[in-house]
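Start at 1 and go down the list; that is how both ligands and their atoms are numbered. Worth saying up front: this structure is predicted, and the values here are computed from it rather than measured.
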Amino acid sequence: MIRWTLDRAADRFARPDASSDKYRRGVLGLRTGSAAYPGAAVLTAEAAWRTGIGLVRYAPQLDDDPPALGLPSPAAAVLAARPETVFPPRPAGDGSGDAWSTDAADAWLVGSGTDPARRSFAEREAVLRLLASPAPVVLDAGALGLALDAPASAPSVLTPHRGEFLSLWRASGLGVRPSGWAEDRERLPAETALADAALALAERLGRSVLLKGSLSIAATPGGFCAVSGPATPWLATAGTGDVLAGLLGALVATHAEQVRADPELLGPLAASAAVLHDAAAGRAGAPITALDLARAIPGAVSEMIGTNPGAQPA
Ligand SMILES: NC(=O)C1=CN([C@@H]2O[C@H](COP(=O)(O)OP(=O)(O)OC[C@H]3O[C@@H](n4cnc5c(N)ncnc54)[C@H](OP(=O)(O)O)[C@@H]3O)[C@@H](O)[C@H]2O)[C@@H](O)CC1
Ligand SMILES: Nc1ncnc2c1ncn2[C@@H]1O[C@H](COP(=O)(O)OP(=O)(O)O)[C@@H](O)[C@H]1O
């Protein structure tokens, strides 16, 4: 198992150069947030933009509930917070499928701030189509379970916390809980027990896994395994996982071509997202709020790429 560091993350961070333009630098599609959780859409968009990316396209969930209690729709909230964000064409509305073409982005982040129980049939089919296409996909929160329903064709990475990980573990038929994991969730599994479990789930699903927590483990089906942390416990606050998802989405979108060629690269990218997330936390003060954390990402990136911001990754 590799201990992941900011130096390793810096080696894999894509810098723009004179030939860059917004499209070639990486386009991330977001299918995040919902009427129930519009804030998660904002946090994922904020984090993706602040990680450094050419373009973020926001694709609202198909057939989402109408906003209640005077809340803005997730799309309106994203636009108010980040007017740089672009929206894909409107759905055709003829029931024939998803106008958010899989080609609209180089990579996709799906699920943060969504509730699987409220996902429409059309939205589910659309995400399954994404998972059958070649563009890399980050699956978070309410979309994690879809990894069990689709063949592992798109290169993909899942970002469960320990509770979500256990649900995936059980639903994949791997048993009640991994070896070395106590029933009492206050008792943290040892690093090796976390790593063994993450590797086993990655292998079973044929997808990479970033198991989040004080220690975060990035594992791939091919056997890559990296640990980072312990991260600052001030991260234990609502929405920091949404920020991590947006950050990872940006790293994946800016490496989409390389990930298509070698999906194992999702392991190092996931590990890099975890260390950059904690570095941003270190700059966000204490206590941390999720939006402050996202806003601290550029400082963490600058610190990470250090004295040679133009250097190209190896
Ligand atoms: N501003 C926004 O819009 C925000 C939107 N958000 C969105 O809300 C949605 C639902 O997210 P959620 O947090 O309500 O429930 P979820 O993560 O599914 O947990 C379910 C159960 O799992 C457990 N559990 C939880 N954490 C655990 C851990 N570390 N380790 C171990 N177990 C853990 C715990 O159960 P327990 O063990 O306590 O019985 C918990 O009740 C999701 O889409 C998210 O993106 C949030 O990001 C907040 C900000
Ligand atoms: N005690 C802790 N110490 C360090 N990091 C933590 C701790 N608890 C949570 N985190 C980090 O905070 C984030 C929380 O993500 P998640 O549970 O998905 O929250 P949310 O759904 O509210 O965004 C993860 O990146 C996780 O690694």
Which of the numbered atoms in ligand 1 are below 4.0 angstrom from a heavy atom of [X]?
X    : result
G39  : 3 (O)
T114 : 43 (O)
A141 : 42 (C), 43 (O), 45 (O)
R162 : 30 (N), 31 (C)
G163 : 30 (N), 31 (C), 32 (N), 33 (C)

Original post:
Between G241 and ligand 2, is there a nitrogen or oxygen pair with a distance under 3.5 Å?
Top reply: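 In this structure, G241 places an N or O atom under 3.5 Å from an N or O of ligand 2.
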
Subject >> Presence of salt bridge, R25 and D17, under 4.0 angstrom >> reply: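 Between R25 and D17 there is no salt bridge, as every charged N stays at least 4.0 Å from the carboxylate O atoms.
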
**OP:** For this output row, return yes or no: ring centroids of W4 and F224 closer than 6.0 angstrom.
**Re:**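 Yes.
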
Which residue owns the protein heavy atom closest to [atom], what's the atom, and how far is it?
atom                    : result
atom 3 (N) of ligand 2  : P233 CA, 3.4 Å
atom 4 (C) of ligand 2  : T232 O, 3.2 Å
atom 7 (C) of ligand 2  : A236 CB, 3.9 Å
atom 17 (O) of ligand 2 : H161 CD2, 3.3 Å
atom 40 (C) of ligand 1 : R185 NH2, 4.8 Å
atom 21 (O) of ligand 2 : D242 OD1, 4.5 Å
atom 45 (O) of ligand 1 : G113 N, 2.8 Å

[atom] touched by protein heavy atom at under 4.0 Å:
atom                    : result
atom 17 (O) of ligand 1 : yes
atom 24 (N) of ligand 1 : yes
atom 36 (P) of ligand 1 : yes
atom 21 (C) of ligand 1 : no
atom 12 (P) of ligand 1 : no

Subject >> Which segment of L244 sits under 4.0 Å of ligand 2 when only heavy atoms are counted >> reply: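 L244 to ligand 2: side-chain contact only, backbone stays beyond 4.0 Å.
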
Original post:
Considering only heavy atoms, which of T44, T240, L210 lies nearest to atom 12 (O) of ligand 2?
Top reply: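 Among T44, T240, L210, the closest heavy atom to atom 12 (O) of ligand 2 belongs to T240.
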
Subject >> The one among S112, S214, G239 that brings a heavy atom closest to atom 48 (C) of ligand 1 >> reply: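 Among S112, S214, G239, the closest heavy atom to atom 48 (C) of ligand 1 belongs to G239.
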
**OP:** Find out whether the Lys NZ or Arg CZ of R177 is both under 6.0 angstrom from the six-membered ring centre of W181 and within 45° of the ring's axis.
**Re:**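 Because its charged atom misses either the 6.0 Å distance or the 45° angle limit, R177 does not stack over W181.
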
